[in-house]
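Below is one structure, written out as structure tokens; the observations come after it.
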Amino acid sequence: MVERYNIHFIPMHVTIGNTTKPGGSFPVSEVFDYYECTNSLPQTDSSTPDDCAKAFRDILATYPDVHIVYIGYAVVTTVSFNVAKNAAEDSERIHIVDSQNVSFILILLFALLLEPREESF
């Protein structure tokens, strides 16, 4: 079966107390526990240029014939878009899209997940 698309996430980083971890690498309960103990929310940081470059390299190595479409949060609200744009500068197979809002990404993700996949092209 030929996949028409794959969804990959480049994690942001979350700092809880004095420890920084990639988002998604720890149970969400840690965030609630931290808030209950400190009355503070953890801090989030953008993915790094190395995070993006590694993810792009890994995808292109695994799927040598694909094009990557990176859809980033609104450029006016986060540095993640520019980080990905800089990581993709040397590749004609990586296309960077500014979603201009977070809702667009969520709607697109649900549409892709709900769309029935064809067995072949």
Side-chain angles (χ1 to χ4, degrees):
M1 182 169 124
V2 176
E3 295 291 332
R4 291 182 4 171
Y5 52 82
N6 286 298
I7 299 172
H8 298 265
F9 296 95
I10 301 172
M12 294 181 69
H13 300 273
V14 180
T15 301
I16 300 175
N18 295 324
T19 305
T20 300
K21 305 174 185 182
S25 69
F26 56 90
V28 174
S29 60
E30 282 188 37
V31 173
F32 292 104
D33 293 344
Y34 179 75
Y35 181 78
E36 284 182 19
C37 290
T38 65
N39 212 24
S40 303
L41 293 173
Q43 300 296 308
T44 58
D45 293 311
S46 172
S47 302
T48 67
D50 288 340
D51 293 333
C52 287
K54 181 183 180 322
F56 293 157
R57 278 193 312 272
D58 290 350
I59 293 167
L60 293 173
T62 304
Y63 306 99
D65 297 328
V66 302
H67 281 251
I68 296 172
V69 177
Y70 174 93
I71 303 171
Y73 291 159
V75 70
V76 297
T77 62
T78 180
V79 300
S80 297
F81 178 85
N82 285 325
V83 166
K85 185 177 176 183
N86 291 337
E89 276 183 343
D90 296 332
S91 178
E92 294 180 9
R93 294 179 28 216
I94 302 173
H95 312 279
I96 309 297
V97 176
D98 179 1
S99 71
Q100 298 186 0
N101 62 57
V102 175
S103 300
F104 171 81
I105 294 172
L106 296 174
I107 291 166
L108 178 62
L109 178 60
F110 281 108
L112 291 173
L113 291 173
L114 295 174
E115 177 182 294
R117 293 186 178 210
E118 298 175 13
E119 288 297 318
S120 63
F121 288 103

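What you are looking at is a predicted structure, and each value in this text was computed from that prediction instead of being measured.
Atom OH of Tyr35 has 12 or fewer heavy atoms from other residues, nucleotides or ligands within 6.0 Å.
Taking OG1 of Thr15 as the reference point, atom CG of Leu41 lies at 13.0 Å (rounded to 0.5 Å). Distance check, rounded to the nearest 0.5 Å: CD1 of Ile59 to NZ of Lys54 gives 10.0 Å.
Two residues are said to be in side-chain contact when any heavy atoms from C-beta on lie closer than 4.5 Å; Ile68 and Tyr63 fail this criterion.
With His67 as the partner, the side-chain hydrogen bond (donor to acceptor under 3.5 Å, both in side chains) test is satisfied by one option alone out of Glu92, His95, Arg93: His95.
Taking all atoms of both residues into account, the shortest heavy-atom contact from Leu60 to Ile94 is CD1-CD1, 4.1 Å. The heavy-atom pair separating Ala55 from Ile10 by the smallest distance is CB-CG1, 3.8 Å. Tyr34 approaches Gly17 most closely through the heavy-atom pair CE1-N, 3.4 Å. Heavy-atom minimum distance, Phe26 versus Ile16: CE1-CD1, 3.8 Å. The shortest heavy-atom contact between Phe56 and Ala84 is CE1-O, 3.7 Å. Nearest heavy atoms, Ala53 versus Ala87: N-CB, 3.7 Å.
The cluster map of Ile, Leu, Val, Met, Phe, Trp and Tyr, joined by side-chain heavy atoms under 4.5 Å apart, puts Val66 and Ile96 in the same cluster.
Checked by atom type and distance alone, the side chain of Ser99 pairs as donor or acceptor with a backbone atom of Gly72 at under 3.5 Å.
A side-chain donor-acceptor contact under 3.5 Å links Ser46 and Ser80.
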Practice task
Start with the C-alpha distance between His13 and Thr48, add both sets of side-chain angles, then the distance that settles side chain to side chain contact (heavy atoms under 4.5 Å, CB included), and finish with yes or no.
Solution key: CA-CA 9 Å; His13 300 273; Thr48 67; 4.1 Å; yes

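Residue pairs that meet the salt bridge (charged side-chain N to carboxylate O under 4.0 Å, His left out) test with at least one member in residues 12-29, sequence neighbours left out, are Lys21-Glu30.
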